[in-house]
Enquirer: 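After the structure tokens below, expect a handful of questions from me.
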Amino acid sequence: MCLVTSLLVILGGCTKRGDVSVRRDACSLVSKEEVEAVQGAPVNDVKSSEHSDGGFFVSQCFYTAAEFSKSVTVALVQSDPKQDSKRSPKDFWKEKFDPYQDEEPKTKTGREGEQGSAPKKIEGLGDEAFWVSNRFGGVLYVLKGNAFISIGLGGTDDGETKLTKSKALAQKALQRL
């Protein structure tokens, strides 16, 4: 009887749990020193913020550089374990970036077509990565598993330099994700 009871207790504790997500803080992915090294400017302050949005948990970290234009934003989007959503960050990613998989974006019309150039696929970073140019430079988005990060840099560097710097920070972040 003791053996049967012990087995039931052990087997009951060994059942596979659903998708238990651990909420991560974006500031834990990239250090202040790493941002300073990449941007070539001291970081005066690091601020963390977080919120839930549509079944997602979004953590953001803002690294305020001494030269404000060189500040950096790192965001991490994960499933929110407190909300029962059928839509995952990976589903969201597919909706946004699948049209650009072959670097032949679907035709944009109207206001959507005026918002900027199509995302550029970046090879060799995470599961998938895209660089989205904007008038301030751009933002690097990187998918890993069922979460994704975004990295936006300020400063006067050209788009290619910002992409290179963003990739360096993304590689650090992916090691800790």
Side-chain angles (χ1 to χ4, degrees), residues 21-81 88-101 103 105 115-177:
S21 299
V22 176
R23 295 193 327 181
R24 299 285 312 264
D25 178 13
C27 292
S28 71
L29 301 179
V30 179
S31 73
K32 171 184 169 184
E33 293 76 19
E34 290 165 338
V35 171
E36 289 174 335
V38 166
Q39 284 292 72
V43 171
N44 292 340
D45 195 20
V46 178
K47 289 186 181 173
S48 178
S49 64
E50 58 188 45
H51 68 278
S52 290
D53 186 13
F56 302 138
F57 176 73
V58 181
S59 173
Q60 190 171 28
C61 192
F62 187 69
Y63 300 84
T64 308
E67 184 181 330
F68 189 77
S69 69
K70 290 191 172 196
S71 297
V72 173
T73 302
V74 175
L76 171 62
V77 178
Q78 310 164 84
S79 292
D80 188 343
S88 71
K90 195 170 193 174
D91 295 333
F92 177 83
W93 179 275
K94 287 184 173 295
E95 292 168 18
K96 295 300 177 191
F97 293 112
D98 269 6
Y100 306 101
Q101 285 299 322
E103 295 191 52
Q115 292 177 354
S117 61
K120 175 183 173 185
K121 189 167 185 171
I122 305 299
E123 298 295 334
L125 196 58
D127 297 339
E128 289 183 335
F130 287 89
W131 173 252
V132 179
S133 297
N134 61 36
R135 62 186 176 141
F136 302 109
V139 178
L140 179 63
Y141 295 90
V142 183
L143 176 69
K144 182 174 180 187
N146 197 27
F148 65 89
I149 59 173
S150 67
I151 299 177
L153 301 177
T156 57
D157 294 325
D158 62 33
E160 279 303 311
T161 302
K162 285 185 180 181
L163 173 57
T164 299
K165 288 180 174 186
S166 295
K167 286 165 69 174
L169 291 174
Q171 288 170 337
K172 299 287 185 187
L174 290 170
Q175 292 172 359
R176 298 178 181 116
L177 185 59

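Computed from a predicted model, the values in this text were never measured in an experiment.
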Enquirer: May I ask you to test the Trp131-Lys167 pair for a side-chain heavy-atom distance under 4.5 Å?
Expert: no

Enquirer: Within the side chain of Asp127, is there an N or O that forms a donor-acceptor pair under 3.5 Å with the backbone of Gly145?
Expert: yes

Enquirer: Can you list, pair by pair, the side-chain donor-acceptor contacts under 3.5 Å of residues 59-77, counting residues two or more places apart and other chains?
Expert:
unit_1 : atom_1 : unit_2 : atom_2 : d
Ser59  : OG     : Asp25  : OD1    : 3.3
Ser59  : OG     : Ala26  : N      : 2.7
Tyr63  : OH     : Val30  : O      : 2.4
Lys70  : NZ     : Gln39  : O      : 3.4
Ser71  : OG     : Ala65  : N      : 3.1
Ser71  : OG     : Phe68  : O      : 2.8

Enquirer: Has the side chain of Lys32 got a donor or acceptor atom that lies under 3.5 Å from a matching backbone atom of Val46?
Expert: no

Enquirer: Looking only at non-hydrogen atoms, find the nearest pair between Ser150 and Val139 and report the distance.
Expert: CB-CG1, 3.8 Å

Enquirer: State, yes or no, whether a side-chain contact exists between Glu50 and Phe57 at a heavy-atom distance under 4.5 Å.
Expert: yes

Enquirer: List the atom of Phe148, the atom of Pro89, and the distance in Å for their closest heavy-atom pair.
Expert: CE2-O, 3.9 Å

Enquirer: Locate the shortest heavy-atom distance separating Ser88 from Phe56; write the atom from each residue and the value.
Expert: C-CE2, 3.3 Å

Enquirer: To the nearest 0.5 Å, tell me how far Phe97 CZ sits from Glu128 CD.
Expert: 9.0 Å

Enquirer: Do Trp93 and Phe130 come close enough that some side-chain heavy atom pair is under 4.5 Å?
Expert: yes

Enquirer: Can you give me the closest heavy-atom contact between Gly126 and Leu174, atom names plus distance?
Expert: N-CD1, 3.7 Å

Enquirer: For residues Asp157 and Thr164, determine if any side-chain heavy atom of one lies less than 4.5 Å from a side-chain heavy atom of the other.
Expert: no

Enquirer: NZ of Lys94 to CG of Leu143: how many Å apart, nearest 0.5 Å?
Expert: 8.0 Å

Enquirer: Taking Leu29's backbone N and O only, do any of them form a donor-acceptor pair with Arg24's side chain (distance below 3.5 Å, no angle check)?
Expert: no

Enquirer: Mind checking the CD-CD spacing from Glu36 to Glu34? Nearest 0.5 Å is all I need.
Expert: 10.5 Å

Enquirer: Any carboxylate oxygen within less than 4.0 angstrom of a Lys/Arg side-chain nitrogen, looking at Glu160 and Lys120?
Expert: yes

Enquirer: For a 4.5 angstrom cut-off between non-hydrogen side-chain atoms, does Asn146 reach Gln78?
Expert: no

Enquirer: Just how far is it from atom CZ of Phe92 to atom OG of Ser79, taken to the nearest 0.5 Å?
Expert: 12.5 Å

Enquirer: From Ser166 OG over to Leu153 CG, what is the distance, rounded to the nearest 0.5 angstrom?
Expert: 3.5 Å

Enquirer: If you round to the nearest 0.5 Å, how far is NZ of Lys165 from CG of Leu140?
Expert: 14.5 Å

Enquirer: For the NZ atom on Lys90, are there more than 12 heavy atoms of other groups (residues, nucleotides or ligands in this structure) within a distance under 6.0 Å?
Expert: no

